[in-house]
Amino acid sequence: MQVCGVDDGYFPLKFKGGKGKTVLLSSKYNDKLLIGIDFDLILVDGDDATSKLRKILDDCEVVFTDGITVGGFNYVDPEELRNYGINYIIFYSKIPDIKDVEHALLKHFSGDRRTSIILNVLENLVLLPTKKGNVYVDTNLSLQYASKLINYYQIYVKEPEPLRTAHTIASSLSRFLLTKNLLT
């Protein structure tokens, strides 16, 4: 089975509001072996994350995302993922403060469809006990199967290894690209 973990990279605060880009990176695993990496750039606080995500999945049977938001308040749309037949697990190691997220969304994106999409996911996260502690997910898989995958890929920490790898590489790659002025 091929599983991908997807996470965003670092960006400076001055990029907020669509003033810069960051990395959206997929780490592809076959069993517990890293077999590939792909990435694209997304606009910070933009709305291109779902389309860019589809481009970097490369035949993954299941994708783990590190939350619903990437690159600030850019977002992954679960309905679009379902429509494209992509199996997903939106993963949180702890539950976000929904009131704070809602306040920020309404302040900066009032009337934007991202607000309802993001809040809908956050308000409907499901608590899932795992061998490394409780996690929270939104998924189009059965909870039993999602739990099995999460537990299987929890090697060192609560975060599944494909996500941990994507996070590490995306952070480093975005910082490198930033030094070359390739993210503005």
Side-chain angles (χ1 to χ4, degrees), residues 1-9 11 16-18 21-29 36 38-128 130 134-150 153 159-160 162-163 166-167 170:
M1 168 180 281
Q2 295 182 356
V3 174
C4 287
V6 175
D7 201 3
D8 59 344
F11 60 90
K16 295 286 291 166
K21 295 183 179 183
T22 191
V23 168
L24 184 69
L25 185 134
S26 170
S27 65
K28 182 177 177 182
Y29 277 74
D38 199 358
F39 76 95
D40 206 334
L41 300 180
I42 57 171
L43 186 63
V44 174
D45 292 335
D47 63 357
D48 57 349
T50 306
S51 62
K52 298 291 180 101
L53 173 75
R54 287 183 38 232
K55 291 180 184 177
I56 62 172
L57 288 183
D58 190 32
D59 300 326
C60 284
E61 295 168 60
V62 177
V63 60
F64 286 104
T65 66
D66 190 17
I68 185 79
T69 58
V70 290
F73 276 120
N74 204 324
Y75 63 100
V76 176
D77 185 340
E79 186 176 333
E80 281 190 45
L81 296 181
R82 279 191 296 276
N83 290 342
Y84 287 105
I86 297 170
N87 296 314
Y88 65 86
I89 300 172
I90 298 171
F91 180 90
Y92 287 88
S93 58
K94 60 183 179 180
I95 199 149
D97 186 325
I98 297 170
K99 293 266 186 238
D100 284 351
V101 173
E102 181 178 27
H103 177 73
L105 282 166
L106 292 175
K107 181 178 178 183
H108 299 287
F109 301 100
S110 184
D112 191 313
R113 70 187 284 268
R114 85 184 69 215
T115 300
S116 61
I117 291 169
I118 292 168
L119 291 176
N120 183 54
V121 168
L122 296 182
E123 291 167 352
N124 292 294
L125 290 173
V126 176
L127 169 69
L128 209 58
T130 71
N134 292 336
V135 300
Y136 301 86
V137 299
D138 180 77
T139 183
N140 62 344
L141 301 169
S142 75
L143 288 178
Q144 182 180 4
Y145 188 54
S147 178
K148 182 179 175 182
L149 284 173
I150 291 167
Y153 283 104
E159 191 175 40
L163 274 182
H167 173 78

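- Under a 3.5 Å cut-off, the side chain of Asp38 and the backbone N or O of Ser26 do not form any donor-acceptor pair.
- Within the model, atoms CD of Glu102 and NZ of Lys107 stand 14.5 Å from one another, a figure rounded to the nearest 0.5 Å.
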(request) Starting from the C-alpha separation in whole Å, work towards a yes-or-no answer on side-chain contact (heavy atoms from CB on, under 4.5 Å) for Asp7 and Leu25. (result) CA-CA 6 Å; Asp7 201 3; Leu25 185 134; over 6 Å; no

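- Of all heavy-atom pairs spanning Ile56 and Phe39, the tightest one is CG2-C, 3.7 Å.
- Looking at Asp45, its side chain never comes within 3.5 Å of a backbone N or O of Lys16 through a donor-acceptor pair.
- Looking at heavy atoms from C-beta onward, Asn134 lies out of side-chain contact with Leu128 at the 4.5 angstrom threshold.
- In this structure, CZ in Phe109 is found 9.5 Å from CG in Asp47, a value given to the nearest 0.5 Å.
- Of the charged side-chain nitrogens involved, at least one lies within less than 4.0 Å of a carboxylate oxygen, so that Arg114 and Asp112 count as a salt-bridged pair.
- Residues Glu123 and Ile98 have side chains in contact (heavy-atom distance under 4.5 Å, counting atoms from C-beta outward).
- A distance of 5.0 Å separates CD1 in Ile95 from CG in Leu125, rounded to the nearest 0.5 Å.
- In this structure the side chain of Phe73 never reaches within 4.5 angstrom of the side chain of Thr115, judged on heavy atoms.
- Ile117 CD1 to Leu122 CG: the interatomic distance, rounded to the nearest 0.5 Å, is 12.0 Å.
- How far CG of Leu53 is from CG of Asp40: 10.5 Å, rounded to the nearest 0.5 Å.
- A donor-acceptor contact shorter than 3.5 Å is absent between the side chain of Gln2 and the backbone of Tyr29.
- Side-chain contact between Tyr92 and Ile68: present, with at least one pair of heavy atoms (C-beta onward) separated by less than 4.5 Å.
- Taking all atoms of both residues into account, the shortest heavy-atom contact from Val3 to Cys60 is C-SG, 4.0 Å.
- Across all their heavy atoms, Gly18 and Leu43 have their closest contact at O-CD1, 3.6 Å.
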(request) Starting from the C-alpha separation in whole Å, work towards a yes-or-no answer on side-chain contact (heavy atoms from CB on, under 4.5 Å) for Val63 and Ile89. (result) CA-CA 6 Å; Val63 60; Ile89 300 172; over 6 Å; no

Without placing hydrogens or testing angles, list every side-chain donor-acceptor pair under 3.5 Å for residues 76-83, not counting sequence neighbours.
residue: Asp77; atom: OD1; partner: Glu79; partner atom: N; Å: 2.9
residue: Asp77; atom: OD2; partner: Arg113; partner atom: NH2; Å: 2.9
residue: Arg82; atom: NH1; partner: Tyr88; partner atom: OH; Å: 2.5
residue: Asn83; atom: ND2; partner: Glu79; partner atom: O; Å: 3.3

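- Under the side-chain contact (heavy atoms from CB on, under 4.5 Å) test applied with Val6, the options Leu163, Asp66, Leu57 reduce to a single match, Leu57.
- Here the side chains of Asp58 and Lys28 are in contact, with some heavy-atom distance below 4.5 Å.
- Taking both residues in full, the closest heavy atoms of Pro162 and Cys4 are given as CB-C, 4.1 Å, listed atom of the first, atom of the second, then distance.
- Put simply, the side chain of Asn140 gets close to the backbone of Ile86: a donor and an acceptor are under 3.5 Å apart.
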(message) Show, in sequence, the C-alpha distance, side-chain angles and deciding distance for Asn74 and Asp48, and conclude whether the side chain to side chain donor-acceptor pair (under 3.5 Å) test is met.
(response) CA-CA 7 Å; Asn74 204 324; Asp48 57 349; 2.6 Å; yes

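- With hydrogens and angles ignored, the 3.5 Å screen pairs a side-chain donor or acceptor of Asn124 with a backbone N or O of Asn120.
- Side chain of Lys52 to main chain of Leu41: a donor-acceptor pair is present (N/O by atom type, distance under 3.5 Å, no hydrogens or angles).
- Under the 4.5 Å side-chain criterion, counting only non-hydrogen atoms from C-beta, Phe91 is not in contact with Thr139.
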(request) Go through the steps for Ile90 and Val137 under the test side-chain contact (heavy atoms from CB on, under 4.5 Å), then give the verdict. (result) CA-CA 5 Å; Ile90 298 171; Val137 299; over 6 Å; no

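- You'll find the side chain of Thr22 reaches within 4.5 Å of the side chain of Ile42, heavy atoms only.
- The shortest side-chain heavy-atom distance between His167 and Asp8 does not fall under the 4.5 Å cut-off.
- Here the closest heavy-atom approach between residue Pro160 and residue Phe64 is recorded as CG-CE2, 3.8 Å.
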